[in-house]
Each structure stands twice: as C-alpha cells, then as structure tokens.
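Just so it is clear: chains get the letters A, B, ... in the order the sequence lines come, proteins before strands, and each one is counted from 1.
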Number of protein chains: 2
Amino acid sequence: MQDHASEKDFLAAYNIHDYEVPLTSVDMAIFKLREQQLEVLLVKRSQHPAKDTWALPGGFIDLKKDNVLEDTAHRKLVEKTGVKSPYLEQVATFGGKQRDPRGWSVTVVYFALVAHEEIDVDPKGAKEETRWVPVSEALSDYKLAFDHNEILRLCRERLTSKVQYTALPIHLLPEEFTLTELQKVFEVILGNEVEKKSFRRRILDADILEESGAMRTGSNRPAKLYRLKRGVENHFFPRTIEGPRS
Amino acid sequence: MQDHASEKDFLAAYNIHDYEVPLTSVDMAIFKLREQQLEVLLVKRSQHPAKDTWALPGGFIDLKKDNVLEDTAHRKLVEKTGVKSPYLEQVATFGGKQRDPRGWSVTVVYFALVAHEEIDVDPKGAKEETRWVPVSEALSDYKLAFDHNEILRLCRERLTSKVQYTALPIHLLPEEFTLTELQKVFEVILGNEVEKKSFRRRILDADILEESGAMRTGSNRPAKLYRLKRGVENHFFPRTIEGPRS
DNA sequence: AATATTAGTGGCCTAATGCCACTAATATTA
DNA sequence: TAATATTAGTGGCATTAGGCCACTAATATT
C-alpha cells in the first residue's frame, strides 16, 4: 500500500485481506450449580478442527449482528442456555500461533453464571450435542479441544478467587433464595465450610439484599427469602473470607 | 466450503480469507512515575487512520515473530522504552464495530509498569514521536485516537484498584528502594496519604522484601534499602488498604 | 552543641471476622 | 398433645490486621 493524502482516501483503499490477521473468536465457561456441584457446559464439536471432541462453547464474531464483543458472548449464551439475564464477565484473552491448527488465533474468554432453574433445556439455538459436567471432572477427565482445559482452569480460578471478596455466587441462584442456600453456594465454590454467623453478618451488613417478604418452608423452621437489591450488580467486601483458623 | 472427511483435508482447504474476521491488535498503557506523578506514554500516530493524533502505543500481531499474545505486547514495550524486565499484565479486550473506521476491530489491552530510571530515552525501535504525559492530564486534556481514552481510564482504574490489595507499585521503582519511597508511590497512585506505621507493618509482615544491606543516605537519618525477594512476583493482602478513618 | 529532618518503633484503639453456645420456629413422631 | 428432631437465626467474646499518634534514633546542617 502507498501513502494516502487523506484518511478518506486511505480507508477507501484499505482492505483487511491485504494483511495477515489472526483468527479471532469468543469462548466461554458457563457455570451453574446442581446438586451441590459446580458444573460447566461443554459442547461436542460438530465441525473440524477437533471434530467430535468436547469443548467450551464459543464461536466467531458475527460482524453483521454483533456490535461489541460482549454481544457475541451473549448471543452464544442464549443459544446454549436460553437464559435471558446471565452474569457475564470477561476473563482474559488467549492468543498464539499453536493453539489452533488453522494458525495464529485469538480467543476472548468470558465466564457466565446462570441459575440452574432458569435454564432452557432445549433452547432454540441448540444444534450441537451439549453436556453439563462437574468442573473438577471436566478438568481431570476430559481432554478438551485446543487449550480449553487451560482456559477452563483459569475461569474456575477467577471464580474461586472472586468468591473470596465479592458476592458473585448470588448469580448462581434463582431470584429468591435463603441465606443458608447462599452459604451453601459459597461453600461449594470455596471447597470448605463457612461459619454461619460470620457469613450472615458479612452478607447482611453489606446491604446488598432485601427480604422478599416470603418464606421458604419445609419440615422445620421457615427461612426468610432474600433477593438482590435493585441496582446492585456486584459487591466487594473490604476483607476476604478467612475460613477456619485451625 | 463443503464437508471434509478428515481434519487434514479440512485444514488443507481452509483459508482464513474465506471468512470475515475483525482486525485484531494489541494496545498498552505504559506507566511510570516521575516527580510524584503517574505518567503514561503516548504516541503520535504517523499513519492513517487517526493520523497525527495521540494514542496509546500498540500495533498488530506479527504472525511470524510473535508466538503468543504477550510477545506482541512485550515487543511493543521494548520498542518504545527499551526496558528489559517490565511488569506486564493483561487488562481487558475491547472489540466492536465502531471503534475503528476500518471496521470491526478487537484490541487486547495490557498495562505495563516500568521504573523511570530504567527507561532508554532513545530506544532502537523508536520511529514515531512519543511523549510522557501525566495520566490525569492524558484523560482530561487529550482526545486520544479511537477509544483510547476509555481504555486508558480502565487501565488507571485497574491500577488503582490493585494497589488497594497488592504490592504492585514496587514495579514502578528501581531494584532497590526505601520503604518511604515505596510509601510515596502508593500515595501518588491512591491519591491520599498513607499512615507510616500501618504501611510499614503491612509491607514488612507480607515477607516479600529483603534488605539489600545498603543504606540510602541524605541530610538526615539513613534509610535501609530493600529489594523484592526472589520469586515474589506479586502479593495479595488479606485486606485492602483502608486509608484515613476520618 | 543545638536544631532540623527524616527513619523507624511502641502501644493502644477499631472494625470485620472467627467461634461457639444459645434461642426460635416449624414438622414429625410418639 | 407433648416430646423430639431439624434447621433458622442471634448474643457475645476472641482474634487479627490495620489506624493512630506519640515517641525514640540517626544523620547533616547550623
């Protein structure tokens, strides 16, 4: 390409295919909680490369439909789960010469938290075989496509790390939940027990929940139901959860 | 493209230019400290688009030279500053239809911390006009190219946020430094004063520094010089710095 | 020798959390 | 109907990292 006098001329003559560019995609770890286990959604690849192997859901940016990167992630998420208002967070971007046999590739990684109860078991966009797998199992027993094991490991790490000082796990529960239910979620992700009183104080003092008014009943004392206060997306605590002192 | 029997066939027939892909690049905020101010490196663009306007340094991935994304960032950093062992951290990835007039574009953003003393004022790779600008000034007085104001704002935010609970600012100092010097760096980035005793306890108890043996002398009591312990890249404190209680 | 200046410490206060035993409310069971 | 089991929820003291501030220490300068 030669020099151009104005930006207008430059853009008119510009053709992206004159340059070597990497292949850029979006991948995501979609987490949910089921029976006291953290599970992640895997997809069996129906196309080459890595055909027939399990992978994290993802795909290419649709240059027409997607206005910003997050749209791509959101689109994929809805395709796979049908969840309308997920928690979505960008984790990191992986890029390199070796990670995809097609050549230099870049993938922007998101993680999503969805409530088990809000998942559409057969969403519209479902074309490939999918499967929910406990995260530890996905990491130890599955040889995922490309560098997806590494990517998943980082997503899990980011999640556990943020659980130490934020109220993220709320997004793994349906709109209304009891404090004990929330505590259980923290315990599952952290992998250790949490002291009841400390936990309740921590959450309640943060002033991010409101009572829904209803109660959860069972074969014992009923529990208050809470929901996230309007406008509270996420909360950062001044200290990390400390766990048992022993 | 049609169906292929094997991955080998698939790859042989694969051509990235059959698809519409975004333009992918790397941009970075390189921070240093000078005269009690946090400064960022800006580059005057010598090429279209946005020719002659100030921007964060960055560029395209060199599919031949760069093996992974971080290589691109590292290459750019050395080109601009000549610093050999910077602190480099991926911040986020921006992507969208509108941010670059050439079309859908993605940029992976890094921030780097370098010691003022270790900067090569005229590094080999220097081709464009560059300038160190106080960050607040860059954000308020400069209309940077593309969405670089927004990017810089996020980098600054990430930096200040991490200073609350990590020992990051160490990387803005040369190898040996006094505790008071380090405290000053924290104060500059946080924008408020830090209590001396609390600060020293926090840093020293973290067990990440070792005495170099030497002292910094001046017209008053000499101060011990410290350096980062080998193998300590970064440290996370269990609590955030609290600042004045008033 | 006195003074100014910055380095570094002792010791008490505060706040968020850990810990654990207690009370409360419900369904179930005898 | 009363006792029991079970889970919800609280009271209150201990612990720990950090805030606060006054003190001592070591040097160059006056």
Side-chain angles (χ1 to χ4, degrees), chain A residues 36 163-167 169 173 176-187 190-227 235-246, chain B residues 36 163-167 169 173 176-187 190-227 235-246:
Chain A
Q36 307 283 53
V163 169
Q164 314 266 341
Y165 57 92
T166 73
L173 291 175
E176 298 193 355
F177 50 87
T178 70
L179 286 184
T180 304
E181 285 162 5
L182 185 57
Q183 184 183 330
K184 287 273 179 291
V185 183
F186 273 79
E187 290 176 340
L190 290 171
N192 58 37
E193 298 205 335
V194 170
E195 208 281 328
K196 185 168 49 161
K197 184 66 192 297
S198 311
F199 179 77
R200 300 171 88 91
R201 233 186 346 210
R202 185 178 170 89
I203 299 291
L204 259 16
D205 289 359
D207 194 38
I208 54 176
L209 300 185
E210 58 188 12
E211 303 181 7
S212 86
M215 304 288 273
R216 169 133 311 152
T217 56
S219 64
N220 45 35
R221 174 169 175 175
K224 281 183 184 168
L225 284 167
Y226 291 85
R227 72 166 85 90
H235 178 77
F236 288 75
F237 296 99
R239 295 198 205 174
T240 57
I241 247 180
E242 289 181 22
R245 275 179 184 158
S246 50
Chain B
Q36 307 283 49
V163 169
Q164 315 266 341
Y165 57 91
T166 73
L173 291 175
E176 298 193 355
F177 49 86
T178 70
L179 286 185
T180 304
E181 285 163 5
L182 185 57
Q183 184 183 330
K184 286 273 179 292
V185 182
F186 273 79
E187 291 177 339
L190 289 172
N192 58 37
E193 297 205 338
V194 169
E195 208 281 329
K196 185 168 49 161
K197 182 67 192 297
S198 311
F199 179 77
R200 299 171 89 90
R201 235 185 346 210
R202 185 177 169 92
I203 298 291
L204 259 15
D205 289 357
D207 195 38
I208 54 176
L209 300 186
E210 58 188 12
E211 302 181 6
S212 84
M215 304 288 274
R216 169 132 313 151
T217 54
S219 64
N220 45 36
R221 176 171 173 173
K224 282 184 183 168
L225 283 167
Y226 290 86
R227 72 167 83 90
H235 178 77
F236 288 75
F237 296 99
R239 297 198 205 172
T240 57
I241 246 181
E242 290 183 23
R245 277 183 181 155
S246 57

Sugar-phosphate, base or nothing in reach of B:T180, heavy atoms under 4.0 Å: sugar-phosphate
Nucleotide opposite D:dT29 in a Watson-Crick or G-U pair, distances under 3.5 Å: C:dA2
Sugar-phosphate, base or nothing in reach of B:R200, heavy atoms under 4.0 Å: base
Atom CD of B:E210: over 12 foreign heavy atoms under 6.0 Å: yes
Sugar-phosphate, base or nothing in reach of B:R201, heavy atoms under 4.0 Å: base
Sub-4.0 Å heavy-atom contacts from residues 216-227 of chain B onto DNA chain D, ordered by number: B:G218, B:S219, B:N220, B:R221, B:P222
Distance below 4.0 Å between B:S198 side-chain N/O and D:dG18 OP1 or OP2: no
OH-CZ distance between A:Y165 and A:F237, expressed to the nearest 0.5 angstrom: 12.0 Å
Minimal non-hydrogen separation, B:A206 against B:H235, with atom names: CB-NE2, 3.4 Å
Nucleotide paired to C:dC22 in any strand shown, Watson-Crick or G-U, under 3.5 Å: D:dG9
Distance-only donor-acceptor test (3.5 Å): side chain B:K197, base D:dG18: no
Toward the 5' end of DNA chain D, by each residue's nearest nucleotide, B:R239 or B:E195: B:R239
Parallel, tilted or perpendicular, as decided by the 30° and 60° cut-offs, for the rings of B:F199 and B:F186: perpendicular
B:Q183 side-chain N/O to B:V194 backbone N/O, donor-acceptor pair under 3.5 Å: yes
